[in-house]
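In the text below, chain A, chain B and the rest are named by the order of the sequence lines, each starting its count at 1. Here the structure is a predicted model, which is why all the values come from computation and not from measurement.
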Amino acid sequence: MRLATWNVNSIRTRVDRVTDWLERADVDVLAMQETKCTDAQFPSMPFAALGYEVAHVGVSQWNGVAIASRVGLADIEIGFAGQPTWSSKPDVEATAEARALGATCGGMRVWSLYVPNGRSLADPHYAYKLDWLAALRDTAAGWLGDDAGAPIALVGDWNIAPTDEDVWSTEAYLGHTHVSEPERAAFHAINNAGFTDVVRPFTPGPGVYTYWDYTQLAFQKRRGMRIDFILGSPALAARVRHAEIGKDERRGKGASDHAPVLIDLDDQPGDTTQ
DNA sequence: ATGCCAGGATGATCCTGA
């Protein structure tokens with residue numbers, strides 16, 4: 001079983017690139033973030049043609065998360081319990097944004113997550129980001145409380161570089177979001193709730209990233225950040241036998257600014273599929 | 001402090017991203 005996550009930065013702009021890679025990389029389940037479209041606008045036909053069902057939540061040109069699966073797609077949940085709300089303007093009612101989507105695929109529970117950016121340390125969006133992560137931690141801890149042996153993957157764009165090794169320059173990010181101690185603490189709290197980074201053991205740093213800014217030849221200069229993660233519950237983490245970052249997908253014209261991240265899982269005991 | 005690049009919506013310019 002191959003599970004991947006990718007911030008695609010507009011699925012409408014990038015659907016050919018994404019489906020080409022899905023086929024080439026032989027991915028079973030792909031969680032996507034920043035689809036930047038409504039449900040009606042999501043291009044599901046190219047996925048269906050390759051045998052993938054797609055669940056998507058998107059209500060505007062912002063955010064949007066999806067899960068494409070060719071091993072089943074059941075019990076779809078939009079948003080997680082307690083997910084904080086956000087309003088873009090004072091006169092607009094705050095709502096839960098399209099940043100979290102859960103589904104059961106091939107016996108595992110997958111959550112496609114697009115953690116709020118934070119914008120700047122003084123911005124209300126930063127407090128929203130920390131609230132969002134704290135609520136996710138509480139809810140996800142509850143899932144393991146209900147069933148400690150559940151195979152759960154929390155995957156996506158976390159918008160946090162958990163250690164100094166995960167940014168090309170600590171100086172360049174001083175005073176900025178993604179590297180602040182509260183954000184790192186919020187990320188580690190999710191680790192401590194039982195969800196560990198299952199990719200890092202197979203992709204050791206330093207200098208290993210999943211995101212490179214579009215500007216100033218950041219990719220060519222190897223100026224990136226590691227902010228996209230696959231976090232696994234203990235039962236899922238025990239089955240990971242390989243992981244990689246699809247850095248080649250960041251190359252060339254028309255690339256997303258994020259690379260896909262994938263893992264290979266051993267079959268569950270007693271699993272007769274494949 | 002700002003633009004650097006990119007996508008989207010609207011209609012040459014703003015908002016957002018990280």
Peer 1: Using the C1' atom on both, measure B:dT16 against B:dG3 and round to a whole Å.
Peer 2: 15 Å

Peer 1: What is the separation between atom CZ on A:Arg250 and atom C1' on B:dA18, rounded to the nearest whole Å?
Peer 2: 12 Å

Peer 1: May I have the distance from A:Gln33 (atom CD) to B:dA18 (atom P), rounded to whole angstrom?
Peer 2: 10 Å

Peer 1: Run through A:Asp266, A:Asp264, A:Asp28, A:Asp267 and flag the one making a salt bridge (charged side-chain N to carboxylate O under 4.0 Å, His left out) with A:Arg2.
Peer 2: A:Asp264

Peer 1: Between A:Ile11 and A:Ile227, which is nearer to the 5' end of DNA chain B once each is assigned its nearest nucleotide?
Peer 2: A:Ile11

Peer 1: OP1, OP2 of B:dA6 versus side-chain N and O of A:Arg12: anything below 4.0 Å?
Peer 2: no

Peer 1: Is the A:Trp86 to A:Trp132 ring centre distance short of 6.0 Å?
Peer 2: no

Peer 1: Just how far, in rounded Å, is C1' of B:dA6 from OH of A:Tyr211?
Peer 2: 10 Å

Peer 1: Whole Å only: how far is the CD atom of A:Gln61 from the P atom of B:dG11?
Peer 2: 13 Å

Peer 1: Below 3.5 Å is the cut-off: list the nitrogen or oxygen pairs between protein and nucleotides 15-17 of chain B, distance only.
Peer 2:
unit_1: B:dG17; atom_1: OP2; unit_2: A:Arg119; atom_2: NE; d: 2.7

Peer 1: Throw together a table of side-chain donor-acceptor distances under 3.5 angstrom for residues 194-205 of chain A, partners on residues two or more places apart or in other chains.
Peer 2:
unit_1: A:Asp197; atom_1: OD1; unit_2: A:Val199; atom_2: N; d: 2.9
unit_1: A:Asp197; atom_1: OD1; unit_2: A:Arg200; atom_2: N; d: 3.1
unit_1: A:Asp197; atom_1: OD2; unit_2: A:Arg226; atom_2: NH1; d: 2.9
unit_1: A:Arg200; atom_1: NH1; unit_2: A:Thr203; atom_2: O; d: 3.2
unit_1: A:Arg200; atom_1: NH2; unit_2: A:Glu165; atom_2: OE1; d: 2.7
unit_1: A:Thr203; atom_1: OG1; unit_2: A:Val199; atom_2: O; d: 3.2

Peer 1: Between B:dC14 and B:dC4, how many Å separate the two P atoms, rounded to a whole number?
Peer 2: 13 Å

Peer 1: Given the C1' atoms of B:dC15 and B:dT10, what is the spacing between them in whole Å?
Peer 2: 12 Å

Peer 1: The test is side-chain contact (heavy atoms from CB on, under 4.5 Å); show your working for A:Leu73 and A:Val29 and say whether it passes.
Peer 2: CA-CA 9 Å; A:Leu73 191 63; A:Val29 181; over 6 Å; no

Peer 1: Mind checking the C1' distance from B:dC5 to B:dA18? Whole angstroms is fine.
Peer 2: 12 Å

Peer 1: Under a 4.0 Å N-O cut-off, is there an ion pair linking A:Glu249 with A:Arg24?
Peer 2: yes

Peer 1: Tell me which of A:Ser60 and A:Gln216 sits closer to the 5' end of DNA chain B, going by the nucleotide each one is nearest to.
Peer 2: A:Gln216

Peer 1: Does A:Trp158 have its ring centroid less than 6.0 Å away from the ring centroid of A:Phe187?
Peer 2: yes

Peer 1: Only counting residues at least two apart or in another chain, list the ones meeting side chain to side chain contact (heavy atoms under 4.5 Å, CB included) with A:Leu121.
Peer 2: A:Tyr126, A:Thr177, A:Ser180, A:Glu183

Peer 1: What's the gap between B:dG7 and B:dT2 when it is taken at their P atoms, as a whole Å value?
Peer 2: 25 Å

Peer 1: Below 4.0 angstrom from OP1 or OP2 of B:dG7, is there any side-chain N or O of A:Arg14?
Peer 2: yes

Peer 1: With a cut-off of less than 4.0 Å, is there a side-chain N or O of A:Thr215 near OP1 or OP2 of B:dG3?
Peer 2: no

